[in-house]
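Presented below is the structure to which this report refers.
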Amino acid sequence: MSAAAQRAAGGEFEVHTADGAVLRACSQGEGQTLLLVSGLNGAAAFWDDNAATLARSFRVLRFDQRGMGASTRGTARSTIDQLAQDCLAVLDAAGVERAVLLGHSTGGCIGLSLARQAPHRLAGLILSGSWLKQNRYMSALFETRLAILDQHPRAYAASATLMAYPPAWLEAHWQVYESAITHAPATNEERQIMRERIDALRSFDGSAWSAGLTLPVLILGARDDMVVPAFLQDELAAGLPGARKTMLDTGGHYFPVSRPDAFTANVAEWISEIAARAAPTGS
């Protein structure tokens, strides 16, 4: 293991990409490597509670995506394929040859892209609240969100948060709403990065090649998701032959946050199952 990989084995580390971006990453725990890839907001902090739980059983990697959180922008455009390349850079810096990738929402699109580009680097793929291609509902939703972003950033952050969680859960955790308003994309640069990321997710379409992916896949969703409706999980499963699909009855789009126990239990159980299937049998 290189000196850089040894430093990345525990705690925070930096990943330097070819185009000059510096990605802030974190490693927790030991065992099978699990790379967590967050959605549109691109922040490693999305996974705080989940990572603490999953790190009891796995080595958990997560990072702020380019231009988000503590990571710098670099010069490359934030396409889904580029964000998948950034995941490879994180794995390389951490000295990891193969990992299970867990992507939520846009992170699932990034995971699918990585599975197409470098399937040998993934032991499995977990798609959480994600999709295979845009439909009319999501196209209209993100066109509206773009319009709000340009006109009223605080309303953009407010509407995104109100749609992402079950109302009763958000009422009981109102600090989540207040934090989202506080961190609304206030500068022109922040709004440009968010526009670019929305353009990236809107242009993603894996329907032409998804059936050729042969790695193990788990699809997770929530039936009350208002951002990525449950029927898109059905389409995702249809486009990925052999994938397992598990749906929670409630949780909203951010069900990894609102339903952390059910979420992490499903993730840990599935990873353990695929690890057991991959283990060599005795003679």
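Note that the coordinates shown come from a computational prediction; the quantities given were computed from them, not determined experimentally.
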Derivation and outcome, side-chain contact (heavy atoms from CB on, under 4.5 Å), residues R121 and L91:
CA-CA 9 Å; R121 300 299 297 273; L91 293 178; 3.7 Å; yes

Can you check salt bridge (Lys or Arg N to Asp or Glu O under 4.0 Å) on D48 and R62, steps first, answer last?
CA-CA 10 Å; D48 279 353; R62 54 195 171 117; 2.7 Å; yes

Go through the side-chain N and O atoms of [X] and [Y] and say whether any donor and acceptor fall under 3.5 Å apart.
X	Y	value
T264	N50	no
S78	Q82	no
D205	S207	yes
T72	R66	no
T250	R223	no

What distance do S210 atom OG and L236 atom CG have between them, rounded to the nearest 0.5 Å?
8.0 Å

Does the pair R195 and E190 meet the rule for a salt bridge (Lys or Arg N to Asp or Glu O under 4.0 Å), with working shown?
CA-CA 9 Å; R195 281 192 291 269; E190 289 172 335; over 6 Å; no

Going by heavy atoms in the side chains, are [X] and [Y] under 4.5 Å from each other?
X	Y	answer
L102	L34	yes
D249	D224	no
H173	L170	no
E171	Y165	no
L220	F255	yes
C26	L61	no
L201	W131	yes
Q233	V228	yes

Is it the case that atom [atom1] in [X] sees more than 12 heavy atoms from other parts of the structure closer than 6.0 Å?
X	atom1	answer
E189	CD	no
M226	CE	no
Q175	CD	yes
E196	CD	yes

R202 and E143 ion-paired at < 4.0 Å
yes

On a heavy-atom basis, which atom in [X] and which in [Y] lie closest, and how many Å separate them?
X	Y	value
S105	H253	OG-NE2, 3.0 Å
M138	L232	SD-CD1, 3.3 Å
D81	R116	OD1-NH2, 2.9 Å

Any donor-acceptor pair under 3.5 Å linking the side chain of [X] with the backbone of [Y]?
X	Y	answer
D19	A76	yes
T33	R59	no
N266	T246	no
H104	S128	yes

Walk me through it: do M194 and Y156 pass the test side-chain contact (heavy atoms from CB on, under 4.5 Å)?
CA-CA 11 Å; M194 192 57 65; Y156 167 85; 3.4 Å; yes

Between [X] and [Y], is there shared hydrophobic-cluster membership here, with clusters defined by ILVMFWY side-chain heavy atoms closer than 4.5 Å?
X	Y	value
L125	I274	no
L36	I126	yes
I110	L88	yes

Using the side chain to side chain contact (heavy atoms under 4.5 Å, CB included) definition, which of the options V37, I193, D86, L23 pairs with Q65?
V37

Given Y254, which of F263, F46, Y177, W47 fulfils the ring-ring contact (aromatic ring centres under 6.0 Å, His included) condition?
F46

Checking side-chain contact (heavy atoms from CB on, under 4.5 Å) for the pair L127/L112: CA distance, chi angles, key distance, verdict?
CA-CA 8 Å; L127 305 173; L112 283 165; 4.0 Å; yes

L54 and V267: CA distance, side-chain angles, deciding distance, side-chain contact (heavy atoms from CB on, under 4.5 Å) verdict:
CA-CA 8 Å; L54 291 167; V267 168; 4.0 Å; yes

